[in-house]
Amino acid sequence: MAPAISISLNDSSDVTDFVIKQGHGVKGLSERGIKSLPEQYIQPLEERLMTRIEPQESIPVIDMSKWDDAQVTNSICDAAEKWGFFQVVNHGVPLQVLDDVKKATYGFFGLSAAEKIKYSKENSSSNNVRFGTSFTPQVEKALEWKDYLSLFYVSDEEAAALWPPVCKDQILEYMKSSKFLIDHLLQVLMKRLNVNEIDETKQSLLTGSVRTNINYYPICPNPELTVGVGRHSDVSTLTVLLQDNVGGLYVRGNEGEDSWIHVPPINGAIVINIGDALQILSNGRYRSVEHRVTANGSSNRISVPIFVNPRPQDMIGPLPETLANGEKPIYKQVLYSDYVKHFFRKAHDGKKTVDFAKFTN
Ligand SMILES: CC(C)(COP(=O)(O)OP(=O)(O)OC[C@H]1O[C@@H](n2cnc3c(N)ncnc32)[C@H](O)[C@@H]1OP(=O)(O)O)[C@@H](O)C(=O)NCCC(=O)NCCSC(=O)/C=C/c1ccc(O)cc1
Ligand SMILES: O=C(O)CCC(=O)C(=O)O
Ligand SMILES: [Fe+2]
């Protein structure tokens with residue numbers, strides 16, 4: 001553990017300097033043993049309280065061993081319509097690959113601040129590699145208790161040149177081993193929308209670009225006052241999310257106001273969630289559901305989401321097949337990179353991002 005250094009926690013600009021400018025992240029604050037949460041991390045009450053946690057509810061866990069079984073494919077589509085979230089087991093991604101990427105995540109965040117800061121927005125030689133903290137600290141009124149590294153995949157060559165050597169191979173392997181699962185899930189989901197053939201254009205809309213994040217949520221001195229990640233829905237088509245065994249991910253449930261369901265860690269399982277792009281492409285049939293991560297007072301937590309997305313230059317809107325029976329389009333056509341920029345330009349704001357793509361009469 002790093003030696004104690006004196007930072008004045010009453011002075012929020014010192015904290016910002018230490019966490020953001022020097023690259024220590026909230027992990028650095030946590031490891032310095034701070035006893036109370038710096039004020040800029042204190043979230044408004046309504047963002048930290050979950051008035052109704054449904055202990056008896058859970059999102060579906062789908063055994064993928066019989067890939068093509070109608071029961072399996074139906075439960076995938078049903079889950080995407082009802083919950084927007086499910087877990088998969090026997091998914092074909094080797095458990096060793098999952099273990100390796102978790103270890104590599106610890107490897108990256110275990111680097112010194114001086115090493116990690118090389119990948120910050122200010123220092124990174126490419127926009128495709130970014131180490132950061134919270135979500136968009138420049139615009140957030142209250143910060144989130146999370147550090148991350150975000151990697152936008154262009155090619156193996158670029159990854160070899162730009163991604164941190166300590167985690168590059170393991171992340172690439174995880175992305176590659178998940179490809180079959182991703183393609184299969186999307187094929188199944190498309191079939192219910194009467195899309196029977198995924199041509200090149202559709203392939204691009206569904207899987208044209210991939211961004212993988214590694215997230216680190218260090219032990220927090222006052223977990224009840226802040227959040228790991230605030231309420232948001234992903235802007236992806238779908239997200240393949242690996243979590244460790246700590247827990248703390250909550251998904252908005254269907255039982256009225258402020259109902260939340262915990263996503264329990266299951267060894268070897270992968271969480272799948274529908275993102276805004278697929279909600280838009282399916283004209284609202286598949287749901288991109290709000291989720292959040294609590295801060296934890298006793299354990300560090302990591303997660304590794306693969307965001308499968310349209311390409312930035314794609315126009316997204318309801319697929320023609322979803323409108324074939326006269327259904328009215330809920331969403332207009334939007335340029336995907338405009339949509340993503342809109343998401344990153346503001347603090348987390350629940351499900352509001354998708355309004356950007358809604359017809360406003
Ligand atoms: C619109 C992008 C992201 C960037 O466009 P660009 O025109 O090349 O411009 P920049 O790379 O300079 O980034 C534009 C802005 O996007 C923001 N940004 C660019 N990536 C990032 C970044 N990973 N992090 C946080 N700001 C960023 C960043 O704010 C930046 O603003 P600026 O402050 O002016 O540099 C473009 O690369 C793009 O469309 N990528 C394809 C798809 C993509 O990455 N999709 C996102 C999937 S991520 C997702 O679903 C959920 C993510 C998430 C993440 C954290 C959470 O807490 C919760 C959820
Ligand atoms: O850490 C998690 O389990 C979820 C993180 C998340 O929602 C995200 O990165 O979009
Ligand atoms: Fe998310």
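This is a predicted model, so every value here is computed, not measured.
Y331 and Q279 are linked by a side-chain donor-acceptor pair at a separation below 3.5 angstrom, with hydrogens and angles left out of the test. Side-chain contact check for K21 and S120: no donor-acceptor pair (N or O, by modelled atom type) lies under 3.5 Å. For the residue pair S75 and D78, no side-chain donor N or O sits within less than 3.5 Å of a side-chain acceptor on the partner. Q96 and D100 share a side-chain donor-acceptor pair at under 3.5 Å. For the 3.5 Å distance criterion, the side chains of S298 and N296 qualify, holding a donor opposite an acceptor. With 3.5 Å as the limit, one finds a donor-acceptor pair spanning the side chains of S134 and E140. There is no side-chain donor-acceptor pair under 3.5 Å between S150 and R130.
Between D314 and K202 there is no salt bridge, since no side-chain N of the basic residue sits under 4.0 Å from a carboxylate O of the acidic one. Between D355 and K358 there is a salt bridge, since at least one side-chain N of the basic residue sits less than 4.0 Å from a carboxylate O of the acidic one.
In the displayed structure, E46 atom CD is contacted under 6.0 Å by more than 12 heavy atoms of other residues, nucleotides or ligands.
Remark: side-chain polar atoms of T207 are paired, donor with acceptor, to backbone N or O of Q203 under 3.5 angstrom. In this structure, the side chain of N213 does not engage the main chain of P305 through any donor-acceptor pair within 3.5 Å. The backbone N or O of V304 lies less than 3.5 Å from a partner atom in the side chain of Y174, making a donor-acceptor pair. No donor-acceptor pair under 3.5 Å is formed between the side chain of S30 and the backbone N or O of V26. Of the possible donor and acceptor atoms, none in the side chain of D147 sits under 3.5 Å from a partner among the backbone N and O of Y217. At least one donor-acceptor pair under 3.5 Å links the side chain of W145 to the backbone N or O of P218. Formation of a donor-acceptor pair under 3.5 Å by the R311 side chain with backbone atoms of L205 is not found in this model. The main-chain N or O of K328 is found under 3.5 Å from a side-chain atom of N283 such that the two form a donor-acceptor pair. A donor-acceptor pair is defined here as one N or O able to donate and one able to accept, closer than 3.5 Å; no such pair exists between the side chain of D17 and the backbone of V15. In terms of modelled atom types and a separation under 3.5 Å, the side chain of R48 and the main chain of Q43 share a donor-acceptor contact.
At least one test fails for R52 against the ring of W260: distance under 6.0 Å to the centre or angle within 45° of the axis.
Aromatic ring centres of Y106 and Y216: separated by under 6.0 Å. Ring-centre distance between F343 and F135: below the 6.0 Å cut-off. Ring-centre distance between F108 and W163: not below the 6.0 Å cut-off.
In the hydrophobic clustering of this structure, F307 does not group with V154; members are Ile, Leu, Val, Met, Phe, Trp, Tyr whose side-chain heavy atoms approach within less than 4.5 Å, directly or through other members. When the side chains of ILVMFWY residues are joined at heavy-atom separations under 4.5 Å, either directly or via intervening members, L281 and Y336 end up in a single hydrophobic cluster.
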* Audit row: T353, K346, side chain to side chain donor-acceptor pair (under 3.5 Å) steps and yes/no -> CA-CA 9 Å; T353 319; K346 55 183 181 46; 3.2 Å; yes
* To do: May I have the step-by-step check of side-chain contact (heavy atoms from CB on, under 4.5 Å) for T226 and I42, ending in yes or no?
  => CA-CA 5 Å; T226 190; I42 301 177; over 6 Å; no
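Within the structure, the side chain to side chain donor-acceptor pair (under 3.5 Å) test picks out the following pairs touching residues 229-244 (sequence neighbours left out): E47-R231, R231-E290, H232-D234, H232-H291, S233-D276, D234-T239, D234-N273, D234-H291, S236-T239, Q243-R301.
The CD1 atom of I59 lies 9.0 Å from the CD1 atom of I62; values are rounded to the nearest 0.5 Å. For the atom pair CG of N222 and NZ of K35, the computed distance is 11.5 Å after rounding to the nearest 0.5 Å. The distance from atom CG of L151 to atom CG of L162, rounded to the nearest 0.5 Å, is 9.5 Å.
With contacts defined as side-chain heavy-atom distances shorter than 4.5 Å, the pair M64/L185 qualifies. L149 has its side chain out of reach of T212: every pair of non-hydrogen atoms, C-beta onward, lies at least 4.5 Å apart.
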